[in-house]
Amino acid sequence: MSRYNAAEAEPKWQAFWTENRCFAAEADPARPKYYVLEMFPYPSGRIHIGHVRNYTMGDVIARFKRARGFNVLHPMGWDAFGMPAENAAMERKVHPGTWTYDNIAAMRGQLKRMGLSLDWGREFATCDPEYYAQQQALFLDFLEAGFVYRRESVVNWDPVDMTVLANEQVIDGKGWRSGAPVERRALTQWFFRIADMADELLAAIDGLENWPEKVRLMQANWIGKSRGLQFAFDTLGAPEGHERLEVYTTRPDTLRGASFAAISCDHPLSLALEGTVEGLDAFSAECRRLGTSEEQLEKAEKRGFDTGVRVKHPLIEGETLPVYVANFILMDYGTGAIFGCPAHDQRDLDFARKYGLAVLDTYHPKGLEDFPESPEAGHAEPYVPLKSETVRYVRPVQGAHRDMTGDRAIAEAIDWAEQAGMGEGVTKFRLRDWGVSRQRYWGCPIPVIHCPNCGIVPVPKDQLPVRLPDDIDFEKPGNPLDRHPTWAHVDCPVCAAPARRETDTMDTFVDSSWYFARFTAPRAETPTVMEDAAYWLCVDQYIGGVEHAILHLLYSRFFARAMIATGHLPEGAAEPFDALFTQGMVTHETYRSADGRWLTPDEIRRDAESATEIASGDAVEIGPSIKMSKSKKNVVDPDAIIQQYGADTARFFMLSDSPPERDVEWTAAGVEGAWRFLQRVWRLATELGAAPAAEGPTDPAALALRKATHKTIAGVTADIEGFTFNKAVARLYELANALGSAAQQAEASGMAQARREGIETLLRLMNPMAPHLTEELWQTLGHTTPLVDMPWPQADAALARDDVILLPVQVNGKKRAEVEVARDADKDSIQALVLETPDVVRYLDGKPPKKVIVVPGRIVNVVV
RNA sequence: GGCCCCCUGGCGGAAUUGGUAGACGCGGGGGUCUCAAAAACCCUUGCCUUAGGGCGUGCCGGUUCGAGUCCGGCGGGGGCCACCA
């Protein structure tokens, strides 16, 4: 009995595809196109199992669409700038470029061993000067068009990496790579004007129908549109020029309950008061020192400092509110000043309790007309009633009056305030401009020159790229470009005076914001070629991890719009990714020895219930299945799997067990299962007899097999279209089971033909998942056209449909019988048949049924 | 704190979107072949029950002829954002 030899077959077919340029894409307006893209990898040195899952899914789609007649673009590249290369340079004294390109070479080899249908002719790395030259050209066009600007800003400074981090790169107050607590520093930075586009980026989310709802929500929340009221308090006792205090609120309906105002320590009023109010300077200094990490925020008390300044209550004549500087007010959201309504906001309530401020309700609690007007028992905070008969005390927010708040009350309050000339309804966004300056070497240089006479001067386009110098020194922290003896020194292109290059490089998110477009014309002397972009874009299917749901995708959407505005993309390409799929992680059990050492899967022997360490024979504690990580040692190496079982087994397993959007657990048993199935398919195909003899009358068993075959075609096709690969795999198993049974009845008339049809169909349906094995078998069966060039099989509708169906019969909602009826039988005849069925007669007990519900093709329910 | 999602056998998961719950796989049990083992193949496998049947999709309630699916409440798990006014 022969076996599938992956070690021989896989390289053979990979060479065949390469030699025949099977996956080289060429724009052809006469053919419908399909652009499949997986998020390109960072060249860390080795592919990991998550890559295998990601690229396998993409490859299934690419090969499927190809077989369906599409002109498929399926490219691969490298997100190659970034700090790991610099870290490697510092640790191992190797040039970041050398390290990166070596890694790319290694990973390219690994990807090729997976047998992916990639157009390697379009490959590029973002650190290629040919790529970043075009990125610099884009930057200059963006600068000219006003999408880029420079300003001083307080930035997140990573003291270990000595670089600026975007807000998004600060996680829990720590640098996302170094993990060091982030400090605040004022620096002049380059920004992309993404905030101006907030409304459009938000509105367009509605059109992204083929994106996961989860991602659309995350983007919408990130953009953070809010509608509120902006108005000014009149101040009492404030310094000159601060007669009014602007505040913004999303809850103008609670304004009557205001009992204090609070401002940021960086607010102009607070700054003006510094030095004039005793204790304020010290308090402000303390606020500025406050960290921004989650724990710090959690623990940080809500503290305020009474400035002595007061503001007039805008709704209650004669009433005034104290103005506090408070440590929880952000200067860069809204106006940096708020009013506090303790009755309707937990934080304001905490603050009010602490400083003995009034807690005033603005709503009469529904159904609680006798609610006490004095503090409820159990509340110890002082109660200071305002002189207004409409004001009542209630507990904050929750409960009976919740239904009276909400959008309607807010909208009415804004209308009222506008008509009263008190303030105006405004829309604010959470989204801030995108700071792209990085004080790093291994990134795309920002192509401008600082001239003492002319100021900021763009590098003329014919002088692009501004290349990174090769002779660099990583001995000291900070930016090597800044320290380079000659690189930054350059004459001004306008006045020829000695000038200095910009030494900041771009955030690597810039690199990945337009690579999808570059793939449509990867060797062009301009960033894109309109004709190619118009043909290939948008990306029809984008696949990657949900960790990029916000930043990368939002930046790409911004870039696409900016590129349209600067003439680099056609109108209509504003949304770069028509369909998005976010795949789950690959997890693995963790193993720990009695003395607490983490063990790799290779170091243990796993039985059904337990595990032992191979070296010692000791029992091993089995931990939960979690994301693979080096520290927990629960890592499997894709290369080792491919070497042992072949790429097809790894690919097939990645698709079989779990729905693609969910996490999948990597288990040795699962891999074995996939391997066994592939061997079974091998056997089914190789044991198939010679070409079928002349046809006799078709035996029912043969017809049943043909029906199973065609149902499988319809099902697998729908499953691949719907990204339910696990279901497609289940159907392939079912067909293989049917073929196995059929082999036992090989003598039945028409069975030889039915088996051949079934097996060939199985191979064709499996081809996108296990391309090598199926090509090999296809050839073995005598075909000269390789599967890669075969069209997708078509289901025969008549065969895929059942003519007679088994209809379940319920009595009072419980299944009691089944009846066999024609698929298109009418309700009356079904009902008549059901009422004669012995099991139903028994339950009727001689009486007529109260009701009979017949759902043709589904079910019958008899109510007695 | 805000927004969102999920909960189905021992396990991963199906269920035509309100119509036979548990497809398919893993694991388990039994068998065939073999001197033996591996491989392979066959049968079996939600729980309870002596038959007939009863019970079952986190828990409680509701809507419906019919609920894993819809509604309300509770419990548990997870994700994203977060001093955002």
Side-chain angles (χ1 to χ4, degrees), chain A residues 1 3 168 172 212-222 224 226 228-229 247-252 254 261-262 264 290 292 294 296-298 300-302 326-330 332-341 345-348 350-351 397 428-430 432 546-547 549-550 607-609 625 653 656-659 662-665 667-670 672-674 676-677 679-680 683 715 718 724 726-737 740-741 743-744 806-818 849-855 857-864:
Chain A
M1 182 168 67
R3 289 193 135 205
E168 303 85 88
D172 287 352
E213 186 56 31
K214 182 175 61 167
V215 174
R216 305 194 324 164
L217 257 165
M218 281 161 68
Q219 290 233 341
N221 289 341
W222 187 262
S226 70
L229 177 71
V247 300
Y248 171 74
T249 178
T250 56
R251 292 294 307 277
T254 67
S264 161
L290 202 73
T292 52
E294 194 175 343
Q296 282 169 311
L297 290 176
E298 204 66 31
E301 255 184 297
K302 306 293 177 256
N327 63 355
F328 55 88
I329 307 299
L330 302 171
D332 60 353
Y333 185 79
T335 63
I338 63 154
F339 72 79
C341 176
D345 184 284
Q346 184 62 46
R347 188 189 58 199
D348 291 349
D350 295 345
F351 194 82
V397 191
K428 299 238 183 243
F429 293 91
R430 218 189 66 110
R432 316 293 161 79
V546 73
E547 66 273 19
I550 297 175
D607 303 315
E609 303 284 320
S625 191
F653 173 61
S656 0
D657 261 16
S658 288
R662 240 183 269 183
D663 289 354
V664 62
E665 183 178 7
T667 62
E672 292 280 353
R676 267 205 304 274
F677 180 68
Q679 291 299 346
R680 206 164 131 223
R683 231 176 310 115
T724 48
N726 55 322
K727 284 159 65 183
V729 168
R731 288 185 210 278
L732 294 172
Y733 270 102
E734 281 180 297
L735 180 57
N737 289 345
S741 311
Q744 325 259 312
L806 219 49
L807 210 57
V809 179
Q810 297 182 331
V811 177
N812 289 337
K814 288 192 192 299
K815 189 192 159 195
R816 299 295 182 192
E818 280 179 336
K850 283 197 192 124
K851 199 173 176 184
V852 181
I853 294 115
V854 180
V855 186
R858 284 269 180 275
I859 202 163
V860 180
N861 193 8
V862 181
V863 186
V864 298

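Note on naming: letters A, B, ... go to the chains in the order of the sequence lines (proteins, then strands), and numbering restarts at 1 for each one. In this text, all values refer to a predicted model and were calculated from it rather than measured experimentally. Side chains are part of it too, since the values below use all heavy atoms of this structure and drop only hydrogens, waters and symmetry mates.
Atom CG of Leu807(A) is separated from atom C1' of G19(B) by 10 Å (rounded to the nearest Å). The distance between atom NZ of Lys727(A) and atom P of C24(B), rounded to the nearest whole Å, is 15 Å. The distance between atom CE of Met218(A) and atom C1' of G79(B), rounded to the nearest whole Å, is 8 Å. The distance between atom CZ of Arg731(A) and atom C1' of G25(B), rounded to the nearest whole Å, is 15 Å. Atom C1' of nucleotide C81(B) and atom CZ of Arg216(A) are separated by 18 Å, given to the nearest angstrom. Per the geometry, NZ belonging to Lys815(A) stands 16 Å off P belonging to G19(B), to the nearest Å. The distance between atom CD of Glu734(A) and atom P of A15(B), rounded to the nearest whole Å, is 12 Å.
To the nearest 0.5 angstrom, Leu732(A) atom CG is 11.0 Å from Asn737(A) atom CG.
Among the protein residues, Arg816(A) comes within range of the sugar-phosphate backbone only, with heavy atoms under 4.0 Å from sugar or phosphate atoms but none that close to a base. Among the heavy atoms of the strands lying under 4.0 Å from Tyr733(A) are primed sugar atoms or P, OP1, OP2 only; no base atom is included.
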- Task: Spell out protein contact along nucleotides 63-69 of chain B as letters: B when the base is contacted, S when just the sugar-phosphate is, - when no protein heavy atom is under 4.0 Å; keep the 5' to 3' order.
- Result: --BS---

- Message: For a quick check, with a 4.0 angstrom heavy-atom cut-off, what is the B/S/- contact string for nucleotides 3-10 of chain B, read 5' to 3'?
- Response: SS------

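A residue-by-residue look at Thr667(A) and Asp657(A) shows that Asp657(A) has its nearest nucleotide of RNA chain B further toward the 5' end. With RNA chain B read from its 5' end, the first of the two nearest nucleotides for Ser741(A) and Gly673(A) is the one closest to Gly673(A).
Ranking U20(B), A23(B), C41(B) by closeness to the Ala730(A) side chain, first place goes to A23(B). The side chain of Arg858(A) has U17(B) as its nearest neighbour among C41(B), G25(B), U17(B).
Base pairing of U16(B): no nucleotide in any strand meets the Watson-Crick or G-U wobble criterion (both distances under 3.5 Å). The partner of G72(B), taking Watson-Crick or G-U wobble pairs whose two distances both stay under 3.5 Å, is C60(B).
When the side-chain nitrogen and oxygen atoms of Tyr248(A) are compared with OP1 and OP2 of A85(B), none of them lie within a distance under 4.0 Å. Remark: Asn726(A) is in phosphate contact with A14(B), judged by side-chain N or O atoms under 4.0 Å from OP1 or OP2. Here Asn737(A) reaches the OP1 or OP2 of G25(B): one of its side-chain N or O atoms lies under 4.0 Å away.
Using modelled atom types, one finds no donor on one side chain facing an acceptor on the other under 3.5 Å when comparing Ser656(A) with Tyr733(A).
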